[in-house]
Number of protein chains: 2
Amino acid sequence: MQRLTVQRQAILDLINASNRHWDADEVARALVDAGAPIGIATVYRGLAALESFGLIDSIQLADKKRYERADKAHHDHMICTNCGHIEEFSHDTIETLQQAAAAKKGFKLTGHQLVMFGFCKKCTQGLDA
Amino acid sequence: MQRLTVQRQAILDLINASNRHWDADEVARALVDAGAPIGIATVYRGLAALESFGLIDSIQLADKKRYERADKAHHDHMICTNCGHIEEFSHDTIETLQQAAAAKKGFKLTGHQLVMFGFCKKCTQGLDA
DNA sequence: GTCGTAATGATAACCATTATCACTATCATG
DNA sequence: CATGATAGTGATAATGGTTATCATTACGAC
Ligand SMILES: [Mn+2]
Ligand SMILES: [Mn+2]
Ligand SMILES: [Zn+2]
Ligand SMILES: [Zn+2]
């Protein structure tokens with residue numbers, strides 16, 4: 001990425017201004033709504049470029065990739081399979097034990113992704129009622 | 001799944017006879033090679049049906065879903081980003097801590113997927129050489 | 001055997017993502 | 001300025017894994 005164009009700046013600002021996990025289409029629609037229309041291909045390229053520079057983070061879900069602010073500490077995600085809510089969490093010991101597990105297999109870790117599925121607090125209450 | 005048809009039995013036998021993590025296309029090709037041609041749509045449906053009955057397991061990777069035998073204890077995966085090798089591991093403490101992390105957020109866990117990325121033993125040696 | 005229905009398989013459709021390509025914006029240099 | 005050189009844009013085609021459609025076939029119950 002040689003140029004942080006207005007389009008890419010708009011993507012970055014949008015993501016930095018929220019705690020959401022955005023997919024490409026949501027980003028495009030939000031920018032259109034904000035009066036800054038942008039081509040969907042540009043969104044995809046912009047997201048990839050911004051991520052490669054560490055300006056945003058992403059999680060690869062089953063169907064699509066979602067992007068979020070990079071100025072948060074590393075964390076993993078719990079996803080409610082009922083309402084789609086994404087809860088963040090971090091657990092230092094889990095991280096450490098992952099390193100240990102990798103070392104045991106002679107694996108040189110470069111990254112990981114832990115996704116937990118289930119029912120969020122709100123949906124669990126709904127099911128009980 | 002009301003019927004364990006010959007096609008589905010063939011898929012199940014194929015997967016149970018190996019330790020590989022198969023994608024749909026690999027299954028179809030293997031069965032064709034084994035003299036038991038099968039439609040690709042039937043493979044997809046068969047895999048989904050077998051999984052829903054707990055006869056096989058799956059992991060959802062970024063690009064595609066891969067299936068494996070279900071008669072192994074629960075485990076997670078390390079994937080070599082250089083050669084594609086998939087290493088399996090399990091860590092009881094990590095599992096326990098995941099439960100704890102979920103409980104802390106009021107989340108009722110139904111499943112999880114931990115994928116670690118990096119370089120396998122073999123590829124790490126190759127890089128050093 | 002007949003009927004109801006699950007499963008098959010060829011193929012179309014779907015959908016997120018990537019590639020293509022003509023065009024535009026930006027920057028360095030003469 | 002003018003001129004390139006080239007990174008980026010955006011409309012759109014293409015890709016690839018997966019799912020839907022639908023006519024046909026295989027099973028099982030009666
Ligand atoms: Mn997050
Ligand atoms: Mn496995
Ligand atoms: Zn929920
Ligand atoms: Zn490797």
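Below, read A as the first sequence line, B as the second, and so on, with proteins coming before strands; counting in each chain starts at 1.
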Peer 1: Check the distance between D/dG10's P and A/Ile11's CD1 and give it to me in whole angstrom.
Peer 2: 9 Å

Peer 1: What verdict does the side-chain hydrogen bond (donor to acceptor under 3.5 Å, both in side chains) test give for B/His75 and B/Glu68, after you've listed the backbone C-alpha separation in whole Å, the side-chain angles of each residue and the deciding distance to 0.1 Å?
Peer 2: CA-CA 11 Å; B/His75 59 271; B/Glu68 66 177 315; 3.2 Å; yes

Peer 1: In whole angstroms, how far is the P atom of D/dG8 from the CZ atom of A/Arg45?
Peer 2: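 So the CZ-P distance, A/Arg45 to D/dG8, works out to 9 Å.
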
Peer 1: 5'-most contact on DNA chain C: B/Met1 or B/Ala41, nearest heavy atom basis?
Peer 2: B/Met1

Peer 1: Taking any heavy-atom pair under 4.0 Å as a contact, classify B/Asp63: base, sugar-phosphate, or nothing.
Peer 2: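 B/Asp63: backbone/sugar contact only, no base atoms under 4.0 Å.
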
Peer 1: Mind running side chain to side chain contact (heavy atoms under 4.5 Å, CB included) on B/Tyr67 and B/His21 for me, showing each step along the way?
Peer 2: CA-CA 5 Å; B/Tyr67 294 85; B/His21 299 80; over 6 Å; no

Peer 1: Would you say a side-chain N or O of B/Gln7 is under 4.0 Å from OP1 or OP2 of C/dG9?
Peer 2: yes

Peer 1: Okay, side chain of A/Glu51, backbone of A/Ala48: is any donor-acceptor separation there less than 3.5 Å?
Peer 2: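 Checked: no pair found.
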
Peer 1: Taking OP1 and OP2 of D/dA7, is either one under 4.0 Å from a side-chain nitrogen or oxygen of A/Thr5?
Peer 2: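 Checking D/dA7 against A/Thr5, no side-chain N or O comes under 4.0 Å of OP1 or OP2.
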
Peer 1: Rounded to whole angstroms, how far apart are OH on A/Tyr44 and C1' on D/dT15?
Peer 2: 13 Å

Peer 1: Considering just the side-chain nitrogens and oxygens of B/Thr42, establish if one lies under 4.0 Å of OP1 or OP2 belonging to C/dG9.
Peer 2: yes

Peer 1: Look at all strands and tell whether B/Asp25 reaches a base, only sugar-phosphate, or nothing, counting heavy atoms closer than 4.0 Å.
Peer 2: nothing

Peer 1: Could you tell me how far apart B/Leu31 (CG) and C/dG9 (C1') are, to the nearest whole angstrom?
Peer 2: 14 Å

Peer 1: Calculate the interatomic distance between A/Ile40 atom CD1 and D/dT9 atom P; express it in whole Å.
Peer 2: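 Those two atoms, CD1 and P, are 13 Å apart.
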
Peer 1: Between C/dC27 atom P and A/Arg3 atom CZ, what is the distance in whole Å?
Peer 2: 7 Å

Peer 1: Establish, with yes or no, whether the OP1 or OP2 oxygen of C/dA7 is under 4.0 angstrom from a side-chain nitrogen or oxygen of B/Gln2.
Peer 2: yes

Peer 1: Could you state the NZ-C1' distance from B/Lys65 to D/dT18, rounded to the nearest angstrom?
Peer 2: 10 Å

Peer 1: If you apply the rule side-chain hydrogen bond (donor to acceptor under 3.5 Å, both in side chains), what do you find for A/His74 with A/Glu95, and how did you get there?
Peer 2: CA-CA 10 Å; A/His74 168 75; A/Glu95 301 283 325; 3.0 Å; yes

Peer 1: Less than 4.0 Å between a side-chain N and a carboxylate O, is that true for B/Arg29 and B/Asp33?
Peer 2: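 Salt bridge flag = no for B/Arg29 with B/Asp33.
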
Peer 1: Quick check: on DNA chain D, is the nucleotide nearest B/Val6 upstream (toward 5') of the one nearest B/Ala48, or the reverse? Name the residue that is more 5'.
Peer 2: B/Ala48

Peer 1: Between atom CZ in B/Arg8 and atom P in D/dT25, what is the gap in whole Å?
Peer 2: 19 Å

